[in-house]
Number of protein chains: 2
Amino acid sequence: MSMQTSVNIKSFSEDTRKSLLSTAGEVFAEFGFHAATVREICRRADVNVAAINYHFGSKEELYLQVLESAHNEAARKYPYAASKDEPPEKRLEGFILSFMQGFLDKGRASWHGKLMAREMVEPTVALKRMVERTIRPRNVFLTEAVREIMGGKFSDEEIARSVFSIIGQCLFYSHASAVIARLKPEINCGADGAGQTASHIIRFSLAALKHMPLNKKGVTPFEGVTPFDGAK
Amino acid sequence: MSMQTSVNIKSFSEDTRKSLLSTAGEVFAEFGFHAATVREICRRADVNVAAINYHFGSKEELYLQVLESAHNEAARKYPYAASKDEPPEKRLEGFILSFMQGFLDKGRASWHGKLMAREMVEPTVALKRMVERTIRPRNVFLTEAVREIMGGKFSDEEIARSVFSIIGQCLFYSHASAVIARLKPEINCGADGAGQTASHIIRFSLAALKHMPLNKKGVTPFEGVTPFDGAK
DNA sequence: AACAATATCAAACGCCTGTTTGAATGTCAA
DNA sequence: TTGACATTCAAACAGGCGTTTGATATTGTT
């Protein structure tokens, strides 16, 4: 291993590593794992193309280490978990705002959130780890708040689906940003609109959680109705 | 082989075209435009690799024609638009169920819905056309129903965001299916669970639309509060 | 039957990808 | 300085991609 003793004016090794890690986070967050190319990463980091394989072994291993460091960085920056003794509504509020900032913000702070949003749509080998390490804990936290808000009359499945409904609203602004920009360019859905967006999702979701009717067992709203079978 | 008697057993020209169009729809819906390869399409269609460029000119042109025919097919199969004289709640119900079936169903029927969901996350040259041809009309239809349900007290932006909240809930089951499978495998989120899923989204959304509080102008729930600034 | 137009085919092309190579350079300990 | 090691570099590699080619086979028309 390297580890030169004493101080070095130029300790290239560590510099190149860190530079690559940082630049790769930027490029992966921008293009996703598959569309990002090692040549683009190395060009931005101003290092030779061979550097990635020398320092990390492969593009995939670099990606995994980027996720690792981005995770740690994000965990410091966005500790979504408000203290447990806050009322569930406050916890939900806090979660939604920090969750959305986590992928709408600009700069390194949002890399992990963007990578997570991409990993959902276009999974890589990292998905399993990301689910257990990041997504499941957040899901548990959110589920507990939602359960308290909804009261005791709903099944676990209904609660889980309500959590999905909340997350789905949030992720829409990440996954469908290209469509939003074309469809409703007047709506501020970027980083500076995160507060507005979160505010709407919170009001929408709290109203839903507090007023959603029970699902009549065995009866869907469409039972016996085929209103959209226009084609034969 | 024998007996090429009478009518052509193989009328290659049109057959190859249609076979390619159909197979390409399947492969594009499964992998998306970029990840799908012309070699895989041709392999499944059992035609030579040169066939795509001979009959369509390019992979991209094939994709555009696949979208065209998938659009027409889906428009016949899922005429989401319930008649305008139905109450808005019924129109919303109908839209959500048929929208979700549009990408959760199996087989050709769902190709257009799947391609649309992919196009949102990973736009191609086809996005603009898809927005104007499919997404915007649906958005208008849904917006009108939502506006009627919410009453006259909300701004256009609040209504548009509420539409996003509904669409976002639906698309979550398409965009995050890999995560759902890992996180909550017990929940039925596939084609046969579309009714359940739609039912939940409808109840959740109707409750939200009917009980959502007005946004106090200039005051977000977080005004002056920085509860998640854990890092310095 | 014979010709011209159309369609299929195996093979190759040019490009881009992640990765490897082997020589050159830099760094530290003796 | 010397030798050993770590790092950088230009260049090449192997493989996949969409596409093109030129020969071959099939079709429609006369």
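Convention: sequence-line order gives letters A, B, ...; per-chain numbering from 1.
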Report summary line: Under a 4.0 Å heavy-atom cutoff, the residues of residues 21-29 of chain A touching DNA chain C are none
Query raised in the report: Are the side chain of B:S205 and the backbone of B:I202 linked by a donor-acceptor contact shorter than 3.5 Å?
Result: no
Query - Contact nearer the 5' end of DNA chain D, comparing B:A36 with A:Y54 - result: A:Y54
Query - A:R43/A:E40 salt bridge by N-O under 4.0 Å criterion - result: yes
Query raised in the report: Any side-chain N or O of B:T16 less than 4.0 Å from the OP1 or OP2 oxygen of C:dT8?
Result: yes
Query raised in the report: Between D:dG18 atom P and B:H34 atom NE2, what is the distance in whole Å?
Result: 10 Å
Query raised in the report: A:H55 has an atom NE2; how far is it from atom P of C:dG18, in whole Å?
Result: 18 Å
Query raised in the report: Ignoring hydrogens and geometry, is there a side-chain-to-backbone donor-acceptor pair from B:T143 to B:N139 under 3.5 Å?
Result: yes
Query raised in the report: Please give, in whole Å, the distance from C:dG18 P to A:L20 CG?
Result: 13 Å
**Report entry** A:R161 bridged to A:E157 by N-O distance under 4.0 Å
**Finding:** yes
Report task. Determine whether the side chains of A:H34 and A:T124 contain a donor N or O and an acceptor N or O closer than 3.5 Å. Result -> no
Query raised in the report: Has B:K59 got its NZ or CZ under 6.0 Å from the middle of the six-membered ring of B:F33, at an angle within 45 degrees of the ring axis?
Result: yes
Report task. Please confirm whether the backbone N or O of B:A117 pairs with a side-chain atom of B:H175, one donor and one acceptor, at under 3.5 Å? Result -> yes
Query raised in the report: Does a salt bridge link B:E119 with B:R129, judged by any charged N lying under 4.0 Å from a carboxylate O?
Result: no
**Report entry** Distance in Å, A:K184 NZ paired with B:R136 CZ, rounded so as to fall on 0.5 Å steps
**Finding:** 7.5 Å
Query raised in the report: So which of residues 39-53 of chain B are in contact with DNA chain D, with a heavy-atom cut-off of under 4.0 Å?
Result: B:R39, B:A50, B:N53
Requested in this report: For A:S110 and A:G107, indicate whether the former's side chain and the latter's backbone hold a donor-acceptor pair under 3.5 Å.
Outcome: yes
Report summary line: So, with a heavy-atom separation below 4.0 Å from DNA chain D, the residues of residues 56-63 of chain B are B:S58, B:K59
Query raised in the report: Is there a donor-acceptor pair closer than 3.5 Å between any side-chain N or O of A:Q169 and the backbone N or O of A:S165?
Result: yes
